[in-house]
S.K.: 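Dumping the structure here so I can ask a few things about it.
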Amino acid sequence: MAERLHTGERMLRGIPVSAGVCRGKILVIDKPRHAIERRAVLEAEIPAELSRLQQALVKTREQLQEVQRQLTQSLGPGQASIFDAHLLVLEDPSVIDEVVRVIQEEQVNAEHAFHRVTDRYIGALAKVEDEYLRERATDMRDVSGRVMNNLLGVNEQVDLAHLTEPCIIIAHDLTPSKTAQLDRKNVLGFATDIGSRTSHTAIMARSLRIPAIVGLKNASETLESGEYALLDGFNGNIVVNPTDQTLFEYGQLVRKQVSLEEKLRDTLNQHAVTLDNHRIFISANIEQAGDIEAVRSSGAEGVGLFRTEYLFLNREHPPTEEEQYQSYRQVAEALKPNPVVIRTLDLGGDKLLTALGIPLEMNPFLGWRAIRYCLQHEEIFRAQLRAILRASVSGNLKIMYPMISGLDELTQANAFLAQFKAELRKEGVPFDDKIEVGAMIETPSAALITDALAKRAQFFSIGTNDLIQYTLAVDRMNEKIAHLYEPTHPAIVRLIKRTVDAARVQNVWVSVCGEMAGDTVLVPLLIGLGVDELSAAPPLLAQLKYLIRRLKISDAKALAAFALECESATEILARSTALAQRVAPSLFDTKT
Ligand code: PEP
Ligand code: MG
């Protein structure tokens with residue numbers, strides 16, 4: 001995979017997902033562990049093995065307590081309680097006694113004994129019916145991984161929330177929950193073996209403004225902690241041991257980016273109006289109430305997508321109605337009178353929530369997720385909808401349902417909403433009775449029945465990340481088929497057009513909140529197809545405004561007309577790219 005260049009410089013190529021260049025020391029986490037060696041020890045060496053085991057247990061306990069302390073500080077005690085179960089595993093006498101016995105009786109090294117015993121427990125726990133016990137298998141796997149690293153002296157299970165020096169993180173995978181914990185101060189950038197542009201890890205990198213690359217295939221195996229590297233998030237390259245010449249070239253790239261950012265600053269507070277006077281609304285996608293400042297400084301005219309599932313990540317129990325109310329109220333109040341679209345819980349796919357104990361499924365993206373889960377879990381849906389309703393008096397909130405695939409789901413969700421409104425009315429709790437309700441259009445079936453959905457919703461938001469995945473049958477997480485994940489596929493163009501047309505009939509607003517909305521190359525096409533609003537990560541919004549202010553709606557419409565007739569995704573992409581590059585060439589200077 002690595003391209004070997006002159007003078008020891010090596011380059012790895014992946015998929016660029018978050019712009020920016022950084023350089024620094026590499027830290028490889030979760031490096032694939034090779035088979036654990038079984039080593040015979042002499043009788044005289046047994047006390048030393050037992051003491052190594054003891055030290056590893058103590059060190060693991062200290063590390064867990066430290067992570068817990070930091071999480072309590074940053075996110076509150078509720079979130080940190082997840083580590084209580086981890087700590088309990090370390091104290092389980094049945095496990096520890098058995099490891100000691102294996103070391104003594106079989107005269108083997110501590111790693112081997114520990115691995116063998118915990119593996120057996122994990123295997124047994126994973127098979128039991130009881131959901132609670134099954135979850136303990138996950139805790140035990142996490143803890144035993146930490147103990148093994150301490151025994152082997154491997155600095156792996158790094159506490160990502162607390163790094164001691166700035167570094168570039170390299171991992172096989174970073175789950176959205178791990179990404180949420182990243183120590184922003186010390187993470188210069190990150191790169192993973194797997195993933196694609198629309199995996200949630202990539203989405204988070206963009207909103208955190210961390211340069212990132214995914215889909216590097218085997219970087220976590222070939223790179224070593226401590227190596228010096230340069231990460232180019234514009235083009236998807238990692239250069240290990242960069243030469244002076246390479247550093248100089250990248251220095252120029254960074255300068256171009258800085259001068260572009262200066263240009264963009266002027267656009268920040270202007271409206272996105274085309275040269276021929278067509279206004280597009282520009283909103284932000286956020287993950288937590290803490291993103292308010294980023295929204296304010298991005299020039300956003302509201303929040304087009306609040307991904308509330310991040311409130312549920314990294315914690316043992318789901319957030320209460322009151323906790324959720326506080327988050328939604330804070331955002332509503334801070335951004336009023338601008339609208340804030342709160343999407344109800346969209347768990348599933350790559351966002352697996354420990355708090356809800358969802359079993360692993362064969363096809364998580366097609367499974368028991370999002371609105372499907374909420375409609376079957378009234379208590380979860382109730383807490384969330386009541387929290388949104390209560391917060392609705394503090395600003396301009398809207399409710400949006402994810403993953404609608406049929407009309408019944410929208411009708412049922414609305415019936416729940418009416419029920420919870422009636423409850424609040426009875427309790428004398430104020431709320432905005434006219435709160436708008438929208439449906440995400442992210443399944444082909446929803447796009448094909450937008451005429452029916454439009455009669456029961458006030459707005460649509462096209463979730464292109466999923467719409468592309470489901471329409472083209474291409475897993476959005478899988479880097480091996482990333483080339484098939486084509487936003488300009490004629491099927492996608494036609495579904496977007498169909499959605500806009502159906503919406504117009506009922507006077508329904510159409511936003512796009514998938515990653516397509518933040519991609520300057522694709523924006524002319526979306527606008528030409530007639531969408532009203534684009535919602536993307538805050539750092540991308542200035543570019544969108546800059547581009548739209550240089551574009552003519554007539555040219556965008558001509559492009560869309562061409563795309564609707566065209567049979568080739570590549571040709572549509574080429575035309576849209578050409579238009580974007582013609583009107584705003586400076587936005588594309590950082591591509592090599
Ligand atoms: C989408 O699918 O386009 C979307 C915005 O939702 P998410 O990326 O959270 O699945
Ligand atoms: Mg989606």
Side-chain angles (χ1 to χ4, degrees), residues 71-80 180 207 281 283-298 300-315 317-347 353 355-356 374 377-402 413-414 416-438 440 458-459 461 511 513 535 537-538:
L71 271 184
T72 309
Q73 247 173 27
S74 55
L75 300 168
Q79 312 258 17
S207 67
F281 282 79
S283 311
N285 292 350
I286 63 169
E287 277 98 36
Q288 51 184 339
D291 294 335
I292 291 170
E293 251 337 290
V295 175
R296 280 205 178 115
S297 56
S298 71
E301 297 163 282
V303 167
L305 168 65
F306 183 163
R307 287 185 163 97
T308 57
E309 39 297 346
Y310 286 85
L311 299 172
F312 291 67
L313 285 182
N314 294 323
R315 50 187 297 156
H317 303 289
T320 60
E321 176 185 319
E322 186 57 28
E323 264 179 88
Q324 293 188 63
Y325 163 70
Q326 292 301 345
S327 293
Y328 307 150
R329 188 195 50 77
Q330 213 182 326
V331 181
E333 206 152 78
L335 301 177
K336 75 180 172 195
N338 289 338
V340 174
V341 176
I342 309 216
R343 176 173 75 181
T344 59
L345 182 60
D346 182 26
L347 76 111
L353 311 182
L356 299 176
C374 286
H377 276 89
E378 188 175 334
E379 72 294 355
I380 299 278
F381 208 29
R382 182 169 182 268
Q384 183 163 40
L385 287 178
R386 280 176 57 104
I388 302 173
L389 286 169
R390 284 171 55 200
S392 65
V393 289
S394 302
N396 181 3
L397 292 188
K398 301 181 188 209
I399 296 172
M400 176 157 81
Y401 307 124
N414 278 339
F416 272 123
L417 182 64
Q419 179 189 324
F420 303 140
K421 278 185 176 179
E423 272 178 28
L424 290 174
R425 220 173 273 125
K426 219 163 156 194
E427 292 165 24
V429 178
F431 63 90
D432 172 10
D433 199 17
K434 295 211 164 51
I435 189 165
E436 288 190 8
V437 170
M440 284 201 73
Q458 281 83 51
F459 66 94
S461 191
S511 171
C513 65
S535 191

S.K.: Keeping E436 on the side-chain end and F459 on the backbone end, is there a donor-acceptor pair under 3.5 Å?
M.R.: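 No, because the side chain of E436 does not come within donor-acceptor range (under 3.5 Å) of the backbone of F459.
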S.K.: Rounded at 0.5 Å granularity, tell me how far CG in D433 sits from CG in L389.
M.R.: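 So the CG of D433 and the CG of L389 are separated by 9.0 Å.
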S.K.: Would you name the heavy atoms of A284 and V295 that are closest together and state the gap between them?
M.R.: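 It is CB-CG2, 4.0 Å.
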S.K.: Restricting to non-hydrogen atoms, name the atom on I292 and the atom on A334 that form the minimum distance, rounded to 0.1 Å.
M.R.: CG2-CB, 3.6 Å
S.K.: Please name all residues satisfying side-chain contact (heavy atoms from CB on, under 4.5 Å) with S297, sequence neighbours left out, ordered by chain then number.
M.R.: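 By the side-chain contact (heavy atoms from CB on, under 4.5 Å) rule, S297 matches no residue at all.
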S.K.: Salt bridge (charged side-chain N to carboxylate O under 4.0 Å, His left out), that's the test. Do K426 and E423 meet it? Break it down for me.
M.R.: CA-CA 5 Å; K426 219 163 156 194; E423 272 178 28; over 6 Å; no
S.K.: Please round to the nearest 0.5 Å and tell me the distance separating atom CG of L385 and atom CG of N414.
M.R.: 9.5 Å
S.K.: Are the side chains of T308 and Y328 in touch, meaning some heavy atoms are under 4.5 Å apart?
M.R.: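 The answer is yes, as the side chains (C-beta and beyond) meet within the 4.5 Å cut-off.
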S.K.: Taking the side chain as everything from C-beta on, heavy atoms only, tell me whether I435 gets closer than 4.5 Å to I399.
M.R.: yes
S.K.: Could I get the full list of side-chain hydrogen bond (donor to acceptor under 3.5 Å, both in side chains) partners for N285, not counting sequence neighbours?
M.R.: S535
S.K.: What residues form a side-chain contact (heavy atoms from CB on, under 4.5 Å) with E379, not counting sequence neighbours?
M.R.: H377
S.K.: In chain order, what residues pass the side-chain hydrogen bond (donor to acceptor under 3.5 Å, both in side chains) check against S283, with sequence neighbours excluded?
M.R.: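 S283: side-chain hydrogen bond (donor to acceptor under 3.5 Å, both in side chains) contacts with E533.
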S.K.: Could you check if a side-chain atom of L305 sits within less than 4.5 angstrom of a side-chain atom of S461, using non-hydrogen atoms only?
M.R.: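 With C-beta onward as the side chain, the pair stays apart.
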S.K.: Is the shortest side-chain heavy-atom distance between S207 and D291 below 4.5 Å?
M.R.: no
S.K.: Are Q330 and Q326 linked by a side-chain donor-acceptor pair shorter than 3.5 Å?
M.R.: no
S.K.: If you apply the rule side chain to side chain contact (heavy atoms under 4.5 Å, CB included), what do you find for V393 with R329, and how did you get there?
M.R.: CA-CA 8 Å; V393 289; R329 188 195 50 77; over 6 Å; no
S.K.: Just to verify, what does Q419 make a side-chain hydrogen bond (donor to acceptor under 3.5 Å, both in side chains) with, not counting sequence neighbours?
M.R.: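 Checked Q419 against side-chain hydrogen bond (donor to acceptor under 3.5 Å, both in side chains); matches are E378.
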S.K.: Which of these passes side chain to side chain contact (heavy atoms under 4.5 Å, CB included) with F431: K421, R386, R390?
M.R.: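 It is K421, the one option of K421, R386, R390 that forms the side chain to side chain contact (heavy atoms under 4.5 Å, CB included) with F431.
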S.K.: Quick check: do R307 and P402 have side-chain heavy atoms less than 4.5 Å from each other?
M.R.: no
S.K.: Is V331 close to Q288 at the side-chain level, that is, under 4.5 Å between some pair of heavy atoms?
M.R.: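 Side-chain contact under 4.5 Å: no.
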S.K.: Please round to the nearest 0.5 Å and tell me the distance separating atom CG of L313 and atom CG of L347.
M.R.: 9.5 Å
S.K.: Restricting to side-chain contact (heavy atoms from CB on, under 4.5 Å), what partner residues turn up for N396, sequence neighbours left out?
M.R.: P339, K398
S.K.: Should Y401 and L417 count as side-chain neighbours, where that means a heavy-atom distance under 4.5 Å?
M.R.: yes
S.K.: What closest approach, in Å, do A332 and A391 show between heavy atoms, and which atom pair accounts for it?
M.R.: CB-O, 4.1 Å
S.K.: Are any non-hydrogen side-chain atoms of E323 and L311 less than 4.5 angstrom apart?
M.R.: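 Of all side-chain heavy-atom pairs linking L311 with E323, none is under 4.5 Å.
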S.K.: Roughly how far, to the nearest 0.5 Å, is the CZ atom of F381 from the CG atom of L345?
M.R.: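 CZ of F381 is found 9.5 Å from CG of L345.
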S.K.: Roughly how far, to the nearest 0.5 Å, is CD of E333 from CG of L397?
M.R.: 10.5 Å
S.K.: State plainly whether the residues E321 and R382 are in salt-bridge range, i.e. N to O under 4.0 Å.
M.R.: no
S.K.: Give the minimum heavy-atom separation between S394 and K336, together with the two atoms involved.
M.R.: O-CD, 3.4 Å
S.K.: Would you give the length of the straight line joining atom CZ of F420 to atom CD of Q384, rounded to the nearest 0.5 angstrom?
M.R.: 10.5 Å
